[in-house]
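Since the structure comes first, as structure tokens, the remarks are kept for the end.
The residues of the chain are indexed from 1 along the displayed sequence. Treat the numbers as computed from the prediction; the structure is a model and nothing was measured.
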Amino acid sequence: EYMGILNYQADTQMSREDTLYYAKLAEQAERYDDMVKHMKEIATAGAELTNEERNLLSVAYKNSVGAKRTAWRAVTAIEQKEEGKGSKFMETIKEYKTKVEGEVESVCNDIIGILDKSLIPKAGNADSEVFYLKMKADYCRYMAEYVIRGKNKRVVEKAHEAYKKAQEKAEELPTAHPIRLGLALNYSVFYGEILKLPKKGTKIAKTAFDAAISNLEDLDDEQYKDSSFILQFLRDSPPLWKENSEDEEGNGDSDEQIN
């Protein structure tokens with residue numbers, strides 16, 4: 001019956017409202033690859049996305065790639081365990097890990113393409129543009145974590161460029177705006193976990209936290225709740241990077257270290 005519904009959908013021209021409803025239905029059913037399909041159709045239709053559509057697009061791709069990232073971590077853990085035992089199945093594990101990496105990369109490249117071609121150029125206000133640039137940077141960061149090492153440097157540079165552009169545009173938003181704070185959090189994670197520069201990541205997080213903390217009262221109730229939640233992560237996340245990061249002493253905080 002479900003396949004019949006999908007086949008009917010494919011053979012008819014659905015309205016934007018219908019497509020959005022299918023996306024919400026897929027979200028409730030936790031069928032995120034279906035949700036991606038419907039939100040991609042809306043995102044590439046040419047019209048600017050509403051806040052609801054924008055958030056649903058983010059949810060769809062985040063959950064789709066999230067399952068694959070979780071799978072990658074599981075396979076990596078097995079690989080490390082089996083390697084320690086001298087397993088004869090190492091080649092099989094490596095092949096499967098490569099397959100999962102390819103799936104992560106495919107999802108990331110899909111959404112980055114949509115952002116570059118359909119969403120970032122048509123962003124009608126600062127919060128939308130920052131949202132999309134941050135999203136692009138995040139998916140480049142995911143690839144920097146999980147794709148094969150030969151491609152790592154390229155996606156790190158793309159992530160860094162997108163984060164920097166988003167940060168510049170975010171200056172137009174209030175310091176306590178949840179999109180601005182979410183950007184600061186993820187940019188700090190990029191420095192702490194990808195570039196292995198926890199001092200720089202901590203500085204980004206602390207600067208954003210200090211600038212926002214006294215301006216929360218200027219937000220509406222929904223934004224206040226979102227920003228308060230992100231501020232907790234800005235406060236708590238930096239110490240987590242320091243344990244496994246290289247010493248930065250003498251290296252400074254120069255962005256040139258990514259080159």
Mark yes or no for whether Asp18, through its side chain, and Met14, through its backbone, hold a donor-acceptor pair below 3.5 Å. no

Without swapping roles, check the side chain of Asp110 against the backbone of Ser106 for a donor-acceptor pair under 3.5 Å. no

In this structure, NE2 of His177 is separated from OG1 of Thr175 (nearest 0.5 Å) by 11.0 Å

Considering only heavy atoms from C-beta outward, does the side chain of Glu217 approach that of Tyr224 to under 4.5 Å? yes

Between Ser128 and Asn125, is there a side-chain donor-acceptor contact under 3.5 Å, judged purely by atom types and distance? yes

Membership question, hydrophobic clusters at under 4.5 Å side-chain separation (ILVMFWY): are Met39 and Leu25 in the same one? no

Using modelled atom types and a 3.5 Å cut-off, is there a donor and acceptor pairing between side-chain atoms of Ser188 and backbone atoms of Leu185? yes

Do we see a donor-acceptor contact under 3.5 Å between the side chains of Tyr139 and Asn109? no

State plainly whether one hydrophobic cluster holds both Met90 and Tyr96, where clusters connect Ile, Leu, Val, Met, Phe, Trp and Tyr through side-chain heavy atoms under 4.5 angstrom apart. yes

For a side chain to side chain contact (heavy atoms under 4.5 Å, CB included) check, start with the C-alpha distance between Lys24 and Leu56, then their side-chain angles and the critical distance, and finish with the verdict. CA-CA 8 Å; Lys24 294 177 181 178; Leu56 286 169; 4.0 Å; yes

When you check the gap from the basic side-chain N to the acidic O, do Arg16 and Glu53 get nearer than 4.0 Å? yes

For the pair Lys85 and Glu82, find out whether any cationic side-chain nitrogen is under 4.0 Å from an anionic carboxylate oxygen. yes

Between Arg141 and Tyr163, is any side-chain donor less than 3.5 angstrom from a side-chain acceptor? yes

Please report the shortest heavy-atom distance between His38 and Thr19, naming the atom on each side. O-CG2, 3.4 Å

For Val65 against Cys108, the heavy-atom pair lying closest together: CG2-SG, 4.0 Å

Under 3.5 Å, is there a donor-acceptor pair between the side chain of Arg54 and the main chain of Leu49? no

Sidechain N-carboxylate O distance under 4.0 Å for Asp33, Lys37: no

So does Ala60 get a backbone contact from the side chain of Ser64, meaning a donor-acceptor N/O pair under 3.5 Å? no

Salt bridge (Lys or Arg N to Asp or Glu O under 4.0 Å) between Glu103 and Lys99, intermediate numbers included: CA-CA 7 Å; Glu103 292 177 358; Lys99 178 180 183 292; 2.9 Å; yes

Heavy-atom count around Asp220 CG within 6.0 Å, excluding the residue itself: above 12? yes

Do Ile112 and Met143 come within less than 4.5 Å of each other through their side chains, counting heavy atoms only? yes

Single-linkage hydrophobic cluster, 4.5 Å side-chain cutoff, Leu181 and Phe229 together: yes

Asp34 side chain to Tyr22 side chain, donor-acceptor N/O pair below 3.5 angstrom: no

To the nearest 0.5 Å, atom CD1 of Ile120 lies from atom NZ of Lys136 at 5.0 Å

Begin from the C-alpha positions of Lys225 and Asp221 and carry the test salt bridge (Lys or Arg N to Asp or Glu O under 4.0 Å) through to its verdict. CA-CA 6 Å; Lys225 181 180 178 180; Asp221 289 344; over 6 Å; no

Could you walk me through whether Glu145 and Arg69 pass side chain to side chain contact (heavy atoms under 4.5 Å, CB included), step by step? CA-CA 9 Å; Glu145 294 170 341; Arg69 293 173 72 199; 2.9 Å; yes

So, Lys122 and Glu129, do they make that salt bridge, N to O below 4.0 Å? no

Just to verify, which of Lys165, Lys164, Lys158 counts as forming a salt bridge (Lys or Arg N to Asp or Glu O under 4.0 Å) with Glu161? Lys165

Show your reasoning for whether salt bridge (Lys or Arg N to Asp or Glu O under 4.0 Å) applies to Lys68 and Glu101. CA-CA 8 Å; Lys68 295 168 177 61; Glu101 287 173 346; over 6 Å; no

Report yes or no: does Glu48 contribute a side-chain atom to a donor-acceptor pair with the main-chain N or O of Gly124 at less than 3.5 Å? yes

